[in-house]
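Worksheet: one structure, shown below.
Residue numbers start from 1 in every chain, and the chains themselves are labelled A, B, ... in the order their sequence lines are given, proteins ahead of strands. Note that the coordinates shown come from a computational prediction; the quantities given were computed from them, not determined experimentally.
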Number of protein chains: 2
Amino acid sequence: MAKAEAILSQHQLRITQSRKSVLTAFIENNHALSQPDLEKMLESDCDRVTIYRILDSFLDKGILHRVPDNEGKQKYALCDACTAHHHHDEHLHFKCNNCGKTECLDEIPMPEIQLPSGYQVEEWNMLLQGVCAECSEA
Amino acid sequence: MAKAEAILSQHQLRITQSRKSVLTAFIENNHALSQPDLEKMLESDCDRVTIYRILDSFLDKGILHRVPDNEGKQKYALCDACTAHHHHDEHLHFKCNNCGKTECLDEIPMPEIQLPSGYQVEEWNMLLQGVCAECSEA
DNA sequence: GTTTATGCAAATTCTTTGCAATACT
DNA sequence: AGTATTGCAAAGAATTTGCATAAAC
């Protein structure tokens with residue numbers, strides 16, 4: 001919780017109970033979360049609409065980044081190296097087809113890719129799908 | 001339209017007006033489409049629900065594949081090399097932050113990636129974002 | 001005390017399901 | 001004729017907006 005408060009004040013955001021709850025949920029889970037996920041986790045802790053607004057403000061400040069998904073789910077994950085002005089989203093996302101969780105594999109370097117001329121790339125996101133380490137053990 | 005009929009019969013799907021319209025929309029647009037996109041394009045041509053069901057059956061048969069998106073939009077695109085049993089989704093998707101269109105860059109090879117042990121990868125999708133060739137000209 | 005964030009109500013959009021009517025082979 | 005597909009109605013999620021209240025600084 002202390003970490004959550006630190007992140008909030010670091011980004012000039014007022015420290016509220018709702019924001020701390022949402023941020024703590026991301027800190028304690030190492031996978032991407034959607035608004036519906038958070039709504040279930042936080043239950044009566046804070047209002048449905050508040051969660052949407054908090055997610056927006058966290059995106060704005062660069063605390064979170066959007067995670068690509070192929071099923072139309074809007075997911076978010078903690079940005080370690082992001083700032084408000086530039087998102088360093090150059091990392092891999094692994095989505096498990098068994099448990100449904102998407103995790104960020106920050107430690108794996110993004111491969112080099114040669115695009116046709118005319119394309120200006122601002123963000124790279126890689127979405128791998130299969131069975132995650134946890135699920136393939138069980 | 002002839003091409004649409006060929007694809008349908010090739011996949012043992014009955015040739016109906018609705019399916020031809022949906023498939024033609026994909027053939028004529030070289031970018032990923034969502035159900036709401038199609039609903040606007042086809043207007044009174046066919047029912048909202050029918051589009052959902054057609055998209056499902058096309059996914060089933062491997063005519064379409066799901067395209068990753070980071071804004072919670074469920075998008076689909078034509079599969080060139082896909083079959084009903086195996087999706088060859090190993091290609092790049094480029095989403096333009098200006099016009100919002102996502103196109104498949106089939107010709108660019110997917111880079112090799114080394115994952116930690118325990119991860120079994122079944123599908124690879126790369127989502128690049130920036131400004132597309134068309135938008136950077138204008 | 002001022003500003004910003006929250007909660008509630010309500011509206012809008014996206015998606016799914018059931019069933020009777022219709023179109024395809 | 002027989003089966004698969006469609007349209008309509010209706011329900012259920014997900015998301016957005018407006019405004020008064022409450023909390024943070």
Side-chain angles (χ1 to χ4, degrees), chain A residues 1-2 4-25 32-61 63-64 66-76 84 100 102, chain B residues 1-2 4-25 32-61 63-64 66-76 84 100 102:
Chain A
M1 208 64 138
E5 294 191 20
I7 293 174
L8 289 174
S9 61
Q10 193 181 322
H11 289 88
Q12 286 93 39
L13 284 173
R14 288 192 178 178
I15 294 166
T16 68
Q17 187 52 52
S18 306
R19 282 180 179 155
K20 283 192 287 187
S21 301
V22 171
L23 193 42
T24 302
L33 299 172
S34 64
Q35 187 280 343
D37 290 338
L38 290 160
E39 197 175 328
K40 278 163 217 139
M41 293 168 69
L42 305 181
E43 196 68 43
S44 55
D45 226 9
C46 68
D47 189 72
R48 183 185 312 142
V49 179
T50 302
I51 298 174
Y52 281 107
R53 290 193 270 228
I54 288 175
L55 289 171
D56 279 349
S57 68
F58 284 6
L59 265 189
D60 250 27
K61 295 294 185 176
I63 298 173
L64 298 178
R66 294 177 193 272
V67 172
D69 185 79
N70 65 353
E71 287 179 292
K73 313 279 180 199
Q74 185 144 10
K75 293 184 175 180
Y76 306 85
T102 302
Chain B
M1 207 63 137
E5 295 191 20
I7 293 174
L8 289 175
S9 61
Q10 192 181 322
H11 288 88
Q12 286 93 39
L13 285 173
R14 288 194 178 177
I15 294 165
T16 67
Q17 188 51 53
S18 305
R19 282 180 177 154
K20 284 192 285 187
S21 301
V22 171
L23 192 42
T24 302
L33 298 172
S34 64
Q35 187 279 345
D37 291 339
L38 290 160
E39 197 176 327
K40 277 164 217 138
M41 292 167 72
L42 304 181
E43 197 69 44
S44 55
D45 225 7
C46 67
D47 188 72
R48 184 185 311 141
V49 179
T50 301
I51 298 174
Y52 281 107
R53 290 194 271 228
I54 288 175
L55 289 171
D56 279 348
S57 68
F58 284 6
L59 266 190
D60 250 25
K61 296 293 186 178
I63 298 173
L64 298 178
R66 295 176 192 273
V67 173
D69 185 77
N70 64 355
E71 286 180 293
K73 314 280 181 200
Q74 186 144 9
K75 294 185 173 177
Y76 306 85
T102 302

Quick one: [X] [atom1] to [N] [atom2], roughly how many Å, whole number?
X	N	atom1	atom2	result
B:Gln12	D:dT3	CD	P	18 Å
A:Asp47	D:dA22	CG	P	15 Å
B:Leu8	D:dT6	CG	P	10 Å
B:Arg19	D:dG7	CZ	P	12 Å
B:Phe58	D:dT5	CZ	C1'	12 Å
B:Lys20	D:dT6	NZ	P	12 Å
A:Asp37	D:dA13	CG	C1'	14 Å

Min side-chain heavy-atom separation [X]-[Y] under 4.5 Å:
X	Y	result
A:Arg19	A:Arg14	yes
A:Arg66	A:Lys75	no
B:Asn70	A:Val67	no
B:Leu13	B:Lys61	yes
B:Leu55	B:Leu38	yes
A:Lys73	B:Gln74	no
B:Phe58	B:Val22	yes
A:Asp69	B:Pro68	no

Please tabulate, one pair per line, each protein N/O and nucleotide N/O from nucleotides 23-25 of chain C that are separated by under 3.5 Å, including the distance.
residue	atom	partner	partner atom	Å
C:dC24	O2	B:Arg14	NH1	3.0
C:dT25	OP1	B:Ile15	N	3.0

Checklist line | Between NZ on residue A:Lys20 and CG on residue A:Asp45, distance to nearest 0.5 Å | finding: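 Taking NZ in A:Lys20 and CG in A:Asp45, the distance rounds to 11.0 Å.
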Check: So, A:Asp37 versus A:Ser34: side-chain donor-acceptor pair below 3.5 Å or not?
Finding: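 Judged by distance alone, the side chains do pair up.
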Note to self: Rounding to 10°, can you tell me the angle the first-five-pair axis of the helix from C:dG1-D:dC25 to C:dT25-D:dA1 makes with its last-five-pair axis?
What the structure shows: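 Both end axes considered, the difference amounts to 40°.
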Next item on the list: Let me have a per-nucleotide readout for nucleotides 10-20 of chain C, 5' to 3', with B, S or -, counting only protein heavy atoms under 4.0 Å.
Entry: ----SBBBB--
Check: Hey, is the main chain of A:Glu5 close enough, under 3.5 Å, to the side chain of A:Ser9 for a donor-acceptor pair?
Finding: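 Side chain of A:Ser9 to backbone of A:Glu5, a donor-acceptor pair under 3.5 Å: yes, one is there.
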